[in-house]
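To keep things clear, I will list the structure first and then write my remarks on it.
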Amino acid sequence: MARSKIALIGAGQIGGTLAHLAGLKELGDVVLFDIADGVPQGKGLDIAESAPVDGFDAKFSGASDYAAIAGADVVIVTAGVPRKPGMSRDDLIGINLKVMEAVGTGIKTHAPDAFVICITNPLDAMVWALQKFSGLPANKIVGMAGVLDSARFRHFLADEFQVSVEDVTAFVLGGHGDDMVPLVRYSTVAGVPLPDLVKLGWTTQEKLDAMVERTRKGGGEIVNLLKTGSAFYAPAASAIAMAESYLRDKKRVLPCAAHLSGQYGIDGLFIGVPIVIGAGGVERVLEVEFNADEKAMFDKSVNSVKGLIEACKGVNAALTN
Ligand SMILES: NC(=O)C1=CN([C@@H]2O[C@H](COP(=O)(O)OP(=O)(O)OC[C@H]3O[C@@H](n4cnc5c(N)ncnc54)[C@H](O)[C@@H]3O)[C@@H](O)[C@H]2O)C=CC1
Ligand SMILES: O=C([O-])CC(=O)C(=O)O
């Protein structure tokens, strides 16, 4: 059977890490695309030269011409700019929206049948714009954020409880901003919900609240430490989990920014919700029930995303249709 083809649009910090992980997991042959000519070629060659040491078989190539992504099964988009300390993700709208227009056109022309994962920030608005520019069907394009935000929450919880990260589940829904919604009631250790663990004395409500807040600000914490860019190892690992679920038809249930058409009372926006990713792309949206507090947090986050969409429409009139 022929190998799958994975196209990475953007060969920066996340793009390079994606290529390496795709190789290590033998997900398929990888094409790195970037406007910075030489960078995708150099990273591709470097990773190919690591393959004999780690023992994986995959081809790596670099390009600055969209023709190279033709026939890709999966496209992962990280093209654009990351924020620096003092900036919010939303400050990236102007520049990254223009990038999404170019990328969307490239995908529409050369890889219209791919399953597309957008990572570029501000995520919920960029994946919405990328869908408009590419014309992809709603089940073939998703945004990566919830897997990352949930992984951060899981890490903090596992560290607090001194248990394996594997036994901690978490769902962080809503938009990928500081008002994202870590759902404490739906997060567990070996199936036991967090509120029960507070009752059992495993942690205190104050500590749990602090971990929720740290999760919400998790991206900014790393930006402030790195100073020159943002997180890339955990974001790349998260997108690879989504790509793997599609390519291997694993049907994993993952929190992702998915196009909603009525679910959660939302129509026409990409919002972080649990979805099933399989060979059919977004195969199902899991609608969890919210209590009044959770609903208020979710609505607040959705309103932030709506504000970003309006800002995009203000920048590019073609998006108003
Ligand atoms: N959704 C999420 O959870 C996360 C999103 N991000 C976002 O991902 C994006 C990428 O982050 P990094 O890889 O760290 O940035 P980076 O700066 O290392 O890489 C971005 C790459 O995009 C390339 N690029 C710029 N314009 C392009 C265009 N028109 N076509 C093709 N390539 C183009 C640049 O040359 C650069 O190599 C940022 O917007 C960042 O905010 C970062 C972490 C998590
Ligand atoms: O915070 C940022 O700018 C990058 C990002 O989205 C994250 O790491 O969650």
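Whatever order the structure lists ligands and atoms in, that order sets their numbers, starting from 1.
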Query raised in the report: Heavy atom under 4.0 Å from ligand 2: found in Leu148's side chain, backbone, both, or neither?
Result: side chain
Query raised in the report: What is the distance from atom CZ of Phe232 to atom OG1 of Thr17, rounded to the nearest 0.5 Å?
Result: 5.5 Å
Report summary line: Here the atoms of ligand 2 under 4.0 Å from any heavy atom belonging to His176 are 5 (C), 6 (O), 7 (C), 9 (O)
Query raised in the report: Just heavy atoms, cut-off under 4.0 Å: does Met144 contact ligand 2 by side chain, backbone, both, or neither?
Result: neither
Query - Minimum non-hydrogen distance to atom 38 (C) of ligand 1, winning option of Val81, Val103, Thr228, Asp149 - result: Val81
**Report entry** Numbered atoms and elements of ligand 2 in range of Gly219, under 4.0 angstrom, heavy atoms
**Finding:** 1 (O), 7 (C), 8 (O), 9 (O)
Query - Per-atom contacts of ligand 2 with Arg89, taking only distances under 4.0 Å to non-hydrogen atoms - result: 1 (O), 2 (C), 3 (O), 5 (C), 6 (O), 7 (C), 9 (O)
Query - For atom 6 (N) of ligand 1, closest protein heavy-atom neighbour - result: Asn121 ND2, 3.3 Å
Query raised in the report: Less than 3.5 Å between some nitrogen or oxygen of Arg83 and one of ligand 1, yes or no?
Result: no
Report summary line: Any heavy atom of Pro235 under 4.0 Å from ligand 1? The part involved is side chain
Query raised in the report: For atom 1 (N) of ligand 1, which of Met144, Glu101, Arg89 has the closest heavy atom?
Result: Met144
Requested in this report: Please identify which atoms of ligand 2 are closer than 4.0 Å to at least one heavy atom of Ala231.
Outcome: 8 (O)
Report task. State the atoms of ligand 1, each with its element, that fall below the 4.0 Å cut-off from a heavy-atom position in Leu148. Result -> 3 (O), 44 (C)
Requested in this report: Give the residue, atom name and distance (to 0.1 Å) of the protein heavy atom nearest atom 32 (N) of ligand 1.
Outcome: Ala79 CB, 3.5 Å
Requested in this report: Working to the nearest 0.5 Å, report the span between CG of Leu21 and OG of Ser238.
Outcome: 10.0 Å
Query raised in the report: Purely on distance, is any nitrogen or oxygen of Asp34 under 3.5 Å from one on ligand 1?
Result: yes
Query raised in the report: Do you know which two heavy atoms are closest between Phe56 and Ile47, and how far apart they sit?
Result: CZ-O, 4.0 Å
Report task. Would you tell me which option among Gly80, Ala145, Gly12, Gly219 has the nearest heavy-atom contact to atom 22 (O) of ligand 1? Result -> Gly80
Query raised in the report: Quick one: does Ser230 get within less than 4.0 Å of ligand 1, heavy atoms only?
Result: yes
Query raised in the report: Any idea which protein heavy atom is nearest atom 43 (C) of ligand 1, and the distance to it?
Result: Ala231 O, 3.5 Å
Query raised in the report: For ligand 1, which atoms, with element, lie under 4.0 Å from some heavy atom of Thr120?
Result: 8 (O), 39 (O)
**Report entry** Under 3.5 Å: N/O of Ile119 near N/O of ligand 1
**Finding:** yes
Query raised in the report: What distance separates Ile93 CD1 from Leu308 CG, expressed to the nearest 0.5 Å?
Result: 4.5 Å
Report task. For the pair Phe290 and Tyr264, name the ring-plane relationship: parallel under 30°, tilted 30 to 60°, perpendicular over 60°. Result -> tilted
Query - More than 12 heavy atoms of other groups within 6.0 Å of Arg284 CZ - result: no
Requested in this report: Give the contacting part of Ser238 toward ligand 1: side chain, backbone, both or neither, where contact means a heavy-atom distance below 4.0 Å.
Outcome: neither
Query raised in the report: Can you check salt bridge (charged side-chain N to carboxylate O under 4.0 Å, His left out) on Asp293 and Lys295, steps first, answer last?
Result: CA-CA 5 Å; Asp293 286 349; Lys295 173 90 170 67; over 6 Å; no
Query raised in the report: What residue and atom, counting heavy atoms only, is the protein's closest point to atom 30 (N) of ligand 1, and at what distance?
Result: Ile35 CG2, 3.6 Å
**Report entry** Contacting atoms of ligand 2, where contact means under 4.0 angstrom from a heavy atom of Arg83
**Finding:** 1 (O), 2 (C), 3 (O)
Query raised in the report: Hey, is Asp91 close enough to Arg89 for a salt bridge, meaning N to O under 4.0 Å?
Result: no
Query raised in the report: Between atom NZ of Lys84 and atom CE of Met87, what is the distance when rounded to the nearest 0.5 Å?
Result: 7.5 Å
**Report entry** Atoms of ligand 1 close to Asn96 [distance to a heavy atom under 4.0 angstrom, numbered from 1]
**Finding:** 39 (O)
Requested in this report: Below 4.0 angstrom from a heavy atom of Ser230, which ligand 2 atoms are there? Numbered from 1 as shown, please.
Outcome: 2 (C), 3 (O), 4 (C)
Report task. Taking side-chain contact (heavy atoms from CB on, under 4.5 Å) as the test, write out the residues that go with Ala239, two or more places apart. Result -> Leu18, Ile76, Ile117, Ile119, Met144
Query raised in the report: What pairs with Phe33 under ring pair (Phe, Tyr, Trp, His ring centres under 6.0 Å), at least two apart in sequence or on another chain?
Result: Tyr66
Query raised in the report: Polar-atom distance check: Ile14 versus ligand 1, any N or O pair below 3.5 Å?
Result: yes
Query raised in the report: So is Arg152 in contact with ligand 2, going by heavy-atom distances below 4.0 Å?
Result: yes
Query raised in the report: Who's the nearest protein heavy-atom neighbour of atom 10 (C) of ligand 1, and how far?
Result: Thr78 O, 3.1 Å
**Report entry** Gln13 N/O to ligand 1 N/O under 3.5 Å
**Finding:** yes
**Report entry** Arg248 and Leu27: CA distance, side-chain angles, deciding distance, side-chain contact (heavy atoms from CB on, under 4.5 Å) verdict
**Finding:** CA-CA 9 Å; Arg248 303 205 160 127; Leu27 289 186; 3.6 Å; yes
Requested in this report: Identify whether the distance between the nearest side-chain nitrogen and carboxylate oxygen of Lys5 and Asp29 falls below 4.0 Å.
Outcome: no
Query - Criterion side chain to side chain contact (heavy atoms under 4.5 Å, CB included) against Met100, the qualifying member of Asn316, Leu319, Val127, Leu130 - result: Leu130
Report summary line: Short version for Asn121: what comes under 4.0 Å of ligand 2, heavy atoms counted, is side chain
Query - Working for salt bridge (charged side-chain N to carboxylate O under 4.0 Å, His left out), residues Lys306 and Glu310 - result: CA-CA 6 Å; Lys306 282 183 183 161; Glu310 289 312 309; over 6 Å; no
Report task. Could you walk me through whether Phe133 and Leu97 pass side-chain contact (heavy atoms from CB on, under 4.5 Å), step by step? Result -> CA-CA 10 Å; Phe133 291 131; Leu97 189 60; 4.1 Å; yes
